[in-house]
Number of protein chains: 2
Amino acid sequence: MIAFTEQAITGADKTFFQLRSDIVEGEVKAGSKLSEMELSTKYGVSRAVVREAINRLENCHLVERKPNIGARVVALTLEGLIQLYQVRESLEGMAARLAAKNMTDAEIEDLKLLLNSHFQEVKGNQTYYQEAGDVDFHYRIIVGSKNDHLISMLVNGLYHLIRMYRVQLGMAGPRVSTAFEEHKNIVQAISNRDEELAEMLMRRHILYSKQNIEARLR
Amino acid sequence: MIAFTEQAITGADKTFFQLRSDIVEGEVKAGSKLSEMELSTKYGVSRAVVREAINRLENCHLVERKPNIGARVVALTLEGLIQLYQVRESLEGMAARLAAKNMTDAEIEDLKLLLNSHFQEVKGNQTYYQEAGDVDFHYRIIVGSKNDHLISMLVNGLYHLIRMYRVQLGMAGPRVSTAFEEHKNIVQAISNRDEELAEMLMRRHILYSKQNIEARLR
DNA sequence: AGCGAATGGATTGTCGACAATATAGTTATT
DNA sequence: AATAACTATATTGTCGACAATCCATTCGCT
């Protein structure tokens with residue numbers, strides 16, 4: 001094997017990924033109970049690996065487990081979504097600040113290229129790729145922070161939860177044209193190594209998203 | 001039983017708490033390997049519950065696990081500590097902002113009382129209680145944010161890690177007199193319901209701590 | 001009938017054994 | 001002597017069975 005980061009994949013990993021996907025995409029309904037035996041037969045593995053998968057999901061805040069009672073998929077509430085965006089504003093703001101400090105010039109150039117391709121899609125109204133592009137944009141900045149805790153919390157934790165809300169509440173992707181302008185300004189600030197401005201713009205960007213969602217859902 | 005939030009305690013819980021304590025307090029050394037069988041005999045439980053405990057510790061970022069190889073206690077590095085404080089600055093800043101918005105008047109009064117008792121200890125140079133007081137102060141503001149994600153991330157996650165660094169690197173508690181002044185100003189901002197200022201002061205407070213640590217450790 | 005205790009069924013928590021994988025030590029080959 | 005393949009051992013991953021707990025229903029008492 002010539003794979004670079006050679007990481008063994010265990011059965012519990014696969015079950016975890018599968019189950020997480022099923023929950024996020026709504027194939028397992030929000031608020032529903034997770035029966036260990038049921039999942040065990042469904043995925044063709046032992047209860048032990050199902051339990052491990054559920055444990056990991058609990059730490060992503062995708063399920064809630066009570067001793068001797070069982071695990072339920074989290075319920076989706078407007079209040080929960082708002083709280084999620086508050087945390088996101090805080091963490092991604094810091095990510096943008098650190099990205100302005102820590103990204104290499106090459107990485108920033110790549111980011112600009114991504115923005116350009118995103119721009120083409122906006123012009124062509126390719127709404128399908130828009131959400132993926134938005135996720136990718138935020139993802140690069142998060143990774144660009146070079147802060148492992150930050151990356152882990154956002155990528156392994158919050159983002160799947162947010163996606164779950166997006167999919168199941170049928171939320172539209174980012175507000176199309178305005179969001180693109182905001183992205184552009186954030187990249188500019190990062191390119192200028194202006195940490196303060198990068199953080200502020202990212203926070204506003206996410207705050208606007210939150211307000212947009214609140215307005216639509218209430 | 002008249003207990004209010006009656007929560008069953010499972011064996012895995014106890015093992016998790018015990019092991020976490022042992023790691024944080026340094027009885028299990030940083031960077032050392034965690035043998036499942038060894039811990040199993042040590043705590044008198046089966047490997048299954050040890051595995052569950054280790055899984056939870058992994059999600060607290062207290063241990064790192066690699067498939068088919070095993071789990072190691074995280075290594076303590078200056079870089080890691082700095083990254084931790086960056087996240088803490090971000091999250092606790094937001095917590096202070098939300099606390100200024102969401103704490104009840106009664107809770108704010110309690111916070112002032114805590115600050116007063118803390119002040120007495122500072123005068124008497126009771127350094128032992130100082131750290132506990134500091135932790136308690138930050139804890140109340142975090143809980144006062146009323147944001148479950150924020151609370152969980154900080155209380156169940158980061159704080160044990162930070163305490164691990166404190167204990168094992170022999171870091172002194174907060175800078176005594178100046179820290180108290182900063183606490184006072186934060187409470188004042190919260191009491192005035194000044195979200196903006198509360199966040200800014202909390203962020204500075206943590207930033208100063210970070211700089212203080214950096215100066216001492218390098 | 002109404003309320004509390006007891007019982008039965010189902011689910012989760014825990015355990016010990018087996019399978020799969022990694023690590024260290026040994027042997028064989030160049 | 002150095003390297004590669006192999007073997008042996010130890011550790012982790014997975015499994016099925018048993019124990020403890022919860023939940024719903026039934027039974028008994030007032």
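Proteins come first, then strands; the chains are lettered A, B, ... in the order of their sequence lines, and each starts at number 1.
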query: Reading nucleotides 11-17 of chain D from the 5' end, what letters show protein touch, with B for base, S for backbone sugar-phosphate only, - for no heavy atom under 4.0 Å?
result: SBBBB-B
field: Within 6.0 Å of CZ in A:Arg140, more than 12 heavy atoms from elsewhere
entry: yes
message: Can you pull out every salt bridge (charged side-chain N to carboxylate O under 4.0 Å, His left out) where at least one residue sits in residues 9-22 of chain B? Sequence neighbours excluded, please.
response: B:Asp13-B:Arg56
message: With a 6.0 Å cut-off (strictly less than), is the heavy-atom count around NZ of A:Lys29, excluding the residue itself, greater than 12?
response: no
query: According to the ring pair (Phe, Tyr, Trp, His ring centres under 6.0 Å) rule, which pairs have a member within residues 59-91 of chain B, sequence neighbours left out?
result: A:His149-B:His61
- prompt: What class does the angle between the rings of B:Tyr159 and B:His138 fall in, given that below 30° is parallel, 30 to 60° is tilted and above 60° is perpendicular?
  reply: tilted
